[in-house]
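So the structure is just underneath, and the comments pick up after that.
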Amino acid sequence: MGTARHNLRVDGARLWSTLMETAAFGATPAGGINRLTLSPADGQVRNWFRDACEAAGLTVGTDELGTQFALRPGRDSTRPPVATGSHLDTQPTGGRFDGILGTLAGLEVVRTLNDAGLETEAPILIVNWTNEEGSRYAPATMASAAHVGTFTTADILARTDAEGVSVADALRTLDIVATEPTGSRAIGAFVELHIEQGPILEAEDKTIGVVEGGQGILWFDGTITGFESHAGTTPMPRRRDALLGLAEIALAVERIAHAHGPSAVGTLGEAVIGAPSRNVIPGRVRFTLDIRDPRAATLDAIDAELRTALAEIAGRRNLGFTLDLVWRQEPVPFDPGIVALIERGAESLGLPHRRMVSGASHDACNLALKVPTAMIFVPCKDGISHNEAESATQSDCTAGADLLLQTLVTLANAPVAAARG
Ligand code: GLV
Ligand code: MN
Ligand code: MN
């Protein structure tokens, strides 16, 4: 085997065909994917991924939360692997690229190195993190967070979905058996390729986003309690309508996010009436909030303003409320050395690029707390993501994978001190 060269390019058609082949697992009629974490469709794609990695000569391990690690040995097995990857789970109305591109691009990088008969000094590791999306189990990116020690494994295993099924039960149902403890897998550096999920690259005609960090996130679970009573007989002034309280809260979220604009964003994504009935005034509603901003101080300010607004609305309408912070992700900077390496790589490949901060959450944001980390973005059509219409071009996916290949090989062949940051 020779040592990896820099004129190497991935096979873009092969990468594309793996994206389209795996899109069959959980495919929706509208052309997207519904592959909630640890669902039967997720089980199918995990098996596909394990088999494809093993066929490429990789050794696949699984941690206690079901995260898959596929290792390609390096010349120096004492060096920690240079890792890449993302996630294969999707939103319920997800697309074919969010997470999937980064995971399958890792496989394509390895296949390209294999075809060329090239080895690297440090090993290369491809990771499929469990539950990046956070739609079945909160929080998002829970497995990578547990990997870096933000949560204990026991805490995450006990989390339940809306039907009361725990993560531990879901892993058992899919016959996922751990071969290593969570957090035990050595990782020397982490580079994740992902679609941008926003409109900036496309609008500026750039192929590559060089990601300097991720913004901060607050997730809240809340409830409003009023009083269920007859829709025909209860006069308007006597009502304690929980849904009307929630309607005001939704507008307060919009107002507060605008007040901290343009960077802050706020979303009331789930609103569930306790016992919905056409002729009963809603007495209980449950809701979720997702608030984001690149500055920690703004998150603090929004948190305080939200609590004041809820108290005022509930007091005026004679409603009860709860508001629990279930996740706080601090804004996280990526490793300046890897960010600069990606930027130089885009330059050398002749790819138009710009620096940016990620609006979405990613497993890389957790990894960055522990190891040198950065991300590469490619454009998606109309900036649309978390939607079945999500779309990216074969040529942009190929460009991103070429840059990923170059970045991983440079890191894996760098002198030990530089590689270990
Ligand atoms: C993950 O997809 C997120 O950014 O919420
Ligand atoms: Mn993603
Ligand atoms: Mn997503």
Side-chain angles (χ1 to χ4, degrees), residues 19 22-23 26 28 32-37 39 42 45 49 67 84-106 126-145 190-201 209 211 213-221 257 263-270 288-294 299 326-332 356-368 373-380 383-392 397 400 404:
L19 286 164
T22 57
T28 61
I33 303 179
N34 176 1
R35 201 159 65 207
L36 290 182
T37 194
S39 63
D42 190 35
V45 79
F49 180 67
T67 293
T84 188
S86 191
H87 58 100
L88 294 173
D89 67 318
T90 76
Q91 294 286 329
T93 52
R96 291 173 292 165
F97 299 89
D98 175 2
I100 306 155
L101 172 61
T103 316
L104 298 185
I126 315 170
V127 190
N128 170 30
W129 299 104
T130 296
N131 187 34
E132 189 274 354
E133 292 291 4
S135 38
R136 180 172 179 193
Y137 296 102
T141 69
M142 71 179 192
S144 54
F190 187 68
V191 183
E192 182 172 354
L193 170 66
H194 207 282
I195 54 167
E196 179 202 345
Q197 306 186 272
I200 297 170
L201 294 176
V211 189
Q215 68 176 343
I217 303 176
L218 301 177
W219 274 14
F220 294 97
D221 281 352
S263 56
V265 288
T267 307
L268 196 159
E270 292 178 39
T288 63
L289 298 179
D290 176 314
I291 310 290
R292 305 193 190 201
D293 191 272
L299 296 180
V326 293
W327 185 38
R328 178 173 172 127
Q329 172 102 324
E330 294 300 333
V332 61
M356 60 199 312
V357 171
S358 174
S361 156
H362 297 287
D363 295 300
C365 299
N366 292 319
L367 269 288
T373 294
M375 292 188 74
I376 300 167
F377 279 175
V378 293
C380 55
I384 293 172
S385 184
H386 286 189
N387 187 300
E388 290 157 282
E390 180 183 275
S391 178
C397 292
L404 180 69

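Remember, it's 1-based here, ligands and their atoms both numbered in the order they're listed. The shown structure was predicted, so the numbers you read here are calculated from the model rather than taken from an experiment. All residue numbers refer to positions in the sequence shown, counting from 1.
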Distance-only N or O hit between ligand 1 and [X], under 3.5 Å:
X	result
E133	yes
H386	yes
S361	yes

Metal site the Mn ion (ligand 3): N/O/S of E132 inside 2.8 Å: no

Residue H386, metal the Mn ion (ligand 3), N/O/S under 2.8 Å: yes

Gap separating the OG atom of S391 from the CZ atom of F97, nearest 0.5 angstrom: 5.5 Å

H362 near ligand 1 by a heavy-atom separation under 4.0 Å: no

Contact check, R292 vs ligand 1, heavy-atom distance below 4.0 Å: yes

Contact flag H194/the Mn ion (ligand 2), N/O/S atoms, threshold under 2.8 Å: yes

Less than 4.5 Å apart, any side-chain heavy atom of [X] and any of [Y]?
X	Y	answer
T84	E192	no
D98	Q197	yes
L367	W129	yes

Aromatic ring proximity, centroids under 6.0 angstrom, F377 and H362: yes

Full working for side chain to side chain donor-acceptor pair (under 3.5 Å) between S385 and E390: CA-CA 5 Å; S385 184; E390 180 183 275; 2.6 Å; yes

Atom name of the N, O or S atom in D98 that lies nearest to the Mn ion (ligand 3): OD2

Qualifying residue for side-chain hydrogen bond (donor to acceptor under 3.5 Å, both in side chains) with T141, from N366, D363, N131, T130: N366

Proximal ligand 1 atoms for A360, defined as those under 4.0 Å from one of its heavy atoms: 4 (O)

